[in-house]
Structure formats: C-alpha cells, structure tokens
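Below is one structure, written out as structure tokens; the observations come after it.
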Amino acid sequence: MGSTNMSYLNPKTVILIGIPGLEHVQFWIGFPFFSVCLVALLGNVILIIIIATERSLHQPMYIFLAVMAATDLGLCAAIAPKMLAIFWFGSHSMAFEACLTQLFFIHALQGMESGILLAMAFDRYIAICDPLRHASIFTPLFLVQMVLMVAIRTTVLVGILPILLKRLHIFQSVVIAHSYCKHMAVVKLAAEDVHINKSYGLFVAFAILGFDLIFVFISYILIFRAVSHLPQKEARFKAFNTCTSHIVIFLEFYILAFFSFFSHRFGHVSPYTHIFLSTIYLLVPPALNPIVYGVKTMEIRRRVSQICIMEHDSW
C-alpha cells in the first residue's frame, strides 16, 4: 500500500476504529452487543424451525417472516464477528476487498428486509380488504416469485455500490470511524470525485427504502379505511390485531434506518452517537422481531412452550 502526501494508492487494507470516542470502553460494550446477537441467533433459528415444522403456520405471512428471520441471521453474521473482534481483541485491520464484500451484504440484506416488509404489508392488505381472493392470489408459486423479485432487485441495485467504489484509486485515509464497513463511510475516505458514488447511493436508498415505505403506507391507509367500515367493533379489533406485529417491526426498521441514513449525510450528531445507534439499528431488530411475533402468535408461543418443557424434562 503506497502513500504519498498522506494519500493512499489502491489500498489493500482498511482500519476499522470501532466506536470513536468510546475506544476505552469498547471491550465492555461488546458484551451487550454479543448478548443481542445471541438473542437474535437463537430467536430466529427457533422461529425458522417452528414455521417449517408447524403446518398451521404455512401461510404467506409466516413464510415471509421465515425469510425475514433468515435475512436477520445473515445481518448478524455479516456484522457481529468482525465487530466483536474489534471490541475484544483489537483486530482493527480488514482487507479492502473484504470491506467491500461486507458492505454489499449489509446493504443487500437491509434492502431484502425492506422488501419483505412490503410483501407482508401487501399480504395484510389482501387478507383484510379482499379476503375471498387471498388464497387464490398468494399461491406457493406467487410467494416464490415475490421473494425472488425482492432478492434480485436488491442484489442488482446494491451490487453496483462496490463496483463504483472499485473505480476509486486514491484515498486520503484508510481509517474508517466505524465498527463495520458501510457505503458512505468508505466513500468519505476517497480523495477523488465521488459525486457518482454519493448520487447513486441516494438513488439506491430511495429506490429501495423510499419505494417500499411509500407502498407500505398506501397499504395501511387502505387497510385502515377497510377496517373502519367493518360494522362490529369486535371485528374491527380482530382485523387490526392481525397487523400490529407487522406495524411494530415496520416502525422500528424504518425509523432507525432513516435516522442512520440522514445523520450520516446531513446530520451533526457526534460520531459515537451515530455509530452506536446505527449498530443498534442493524442488531436490535433481528433480536426483537422473533420476540414481537412470538408474543403475538399463539402457535409460536405454544411451540416455544413445548420446546422449553421438553428441555426441562430432559434435565
């Protein structure tokens, strides 16, 4: 890696600081993050197993939930190992190619989760507004097609981000003030014109998160309108109750996502606050999602209780 006048030509490695300003307590910060990752790992694995083995859960909403659980496992796998290595073992260096690979998977899995949230909103819309056609619309083939469309859209759009970063050769620094590689953190290292990178990054964010957010809102406006016209209060409550888990997950995902996105580009929050919250944004939802659906879904609660009883009896 050559450097001239504090610039770096085609760097082979980058340095991840972790959480700037909190380096002296990063070792201890690693333990709550590890606990969150462990909850996410166990919760999502159990959720996938329960949905796969419980025939009553072989419905579109829960199939989408299983896909989201797999996505959440991928997010934890992409972020946690290197982050904990930084916090606990001081392993700050990372190959530049590995950094690009990590940022691709992080942003792609975020986009995948956003797309699945949109698919779940569409499922709730059809289930409430046109229930007689729900089974004929959400066939197994249609579910596969929806998941593939979400995956292809995300892979194509996000896949261009590391390709554009590869065209940059001169960097003013190789130190990333973060605990993982993300697109804008790498773009800010460049000593070349990065207008294309920034513009395309904004386009991807709005083409995925913005597009999905708009249509999720439209779905819920139509859902609320349909629910409000139901004649009985009990029917309205039951219909709305089927959406509460999705609404909670939707809000936690998008509120944290847009805070992280806009604070990195336009905000003036302290670096450790932004990085701490953006890490929470990526790790906390995967831990909360199984809990939210586990609490709200009787079949999932029952199977978890059976697993706990079996484990207790085996001891």
Side-chain angles (χ1 to χ4, degrees), residues 43-75 108-158 207-227 229-230 235-236 238-250 253-254 285-286 289-290 292-294 296-304:
N44 285 292
V45 167
I46 291 173
L47 193 61
I48 291 171
I49 292 172
I50 289 174
I51 293 172
T53 57
E54 183 68 42
R55 293 186 63 84
S56 64
L57 295 177
H58 291 179
Q59 303 172 31
M61 190 67 167
Y62 298 107
I63 292 171
F64 289 139
L65 182 59
V67 175
M68 183 180 292
T71 302
D72 287 339
L73 288 174
L75 262 177
L109 290 167
Q110 286 177 289
M112 186 76 182
E113 187 149 345
S114 177
I116 294 300
L117 284 170
L118 175 59
M120 294 168 85
F122 181 56
D123 169 72
R124 290 299 85 202
Y125 164 71
I126 298 296
I128 292 173
C129 299
D130 198 359
L132 296 179
R133 297 183 58 211
H134 185 266
S136 62
I137 293 175
F138 281 89
T139 62
L141 177 60
F142 183 67
L143 293 178
V144 172
Q145 289 173 338
M146 286 192 75
V147 173
L148 284 177
M149 286 175 59
V150 169
I152 291 170
R153 177 194 69 165
T154 303
T155 302
V156 171
L157 289 176
V158 175
I208 296 178
L209 296 181
F211 176 88
D212 294 347
L213 179 64
I214 290 169
F215 280 93
V216 169
F217 266 123
I218 293 173
S219 296
Y220 273 104
I221 290 171
L222 296 174
I223 287 171
F224 291 149
R225 190 175 68 177
V227 169
H229 288 123
L230 292 175
R236 291 197 298 269
K238 185 176 180 181
F240 181 74
N241 195 47
T242 63
C243 301
T244 53
S245 298
H246 180 260
I247 291 172
V248 170
I249 290 175
F250 162 76
F253 179 84
Y254 282 102
N289 293 350
V292 170
Y293 269 93
K296 292 293 295 179
T297 308
M298 184 180 66
E299 292 88 348
I300 295 176
R301 290 202 309 270
R302 180 172 56 80
R303 287 301 303 271
V304 171

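Values below: every heavy atom of this structure, side chains too, minus hydrogens, waters and symmetry copies. Being a predicted model, the structure only gives us computed values, none of them experimental.
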Can you see which heavy atom on [X] is nearest to which on [Y], and at what distance?
{"X": "Val150", "Y": "Gly115", "answer": "CG1-CA, 3.8 Å"}
{"X": "Tyr293", "Y": "Met120", "answer": "OH-CE, 3.1 Å"}
{"X": "Phe64", "Y": "Ile116", "answer": "O-CG2, 3.4 Å"}
{"X": "Ala226", "Y": "Ile128", "answer": "CB-CG2, 4.5 Å"}
{"X": "Pro60", "Y": "His134", "answer": "CG-CE1, 3.8 Å"}

Heavy-atom distance under 4.5 Å between the side chains of [X] and [Y], does that happen here?
{"X": "Ile48", "Y": "Met68", "result": "no"}
{"X": "Leu213", "Y": "Phe250", "result": "yes"}
{"X": "Phe211", "Y": "Leu118", "result": "yes"}
{"X": "Val147", "Y": "Leu143", "result": "no"}
{"X": "Met61", "Y": "Phe138", "result": "no"}
{"X": "Phe122", "Y": "Met146", "result": "yes"}
{"X": "Asp212", "Y": "Arg153", "result": "yes"}

From CG (Leu65) to OG1 (Thr71), nearest 0.5 Å: 10.5 Å
Atom pair CG/CG of Asn44 and Leu75 - distance to nearest 0.5 Å: 10.0 Å
Ser136 side chain to Arg133 backbone, donor-acceptor under 3.5 Å: yes
Asn289 side-chain N/O to Ile249 backbone N/O, donor-acceptor pair under 3.5 Å: no
Passing candidate, side chain to side chain contact (heavy atoms under 4.5 Å, CB included) with Pro290, options Ile46, Ile50, Leu47: Leu47
Heavy-atom neighbours of Tyr125 OH exceed 12 at 6.0 Å: no
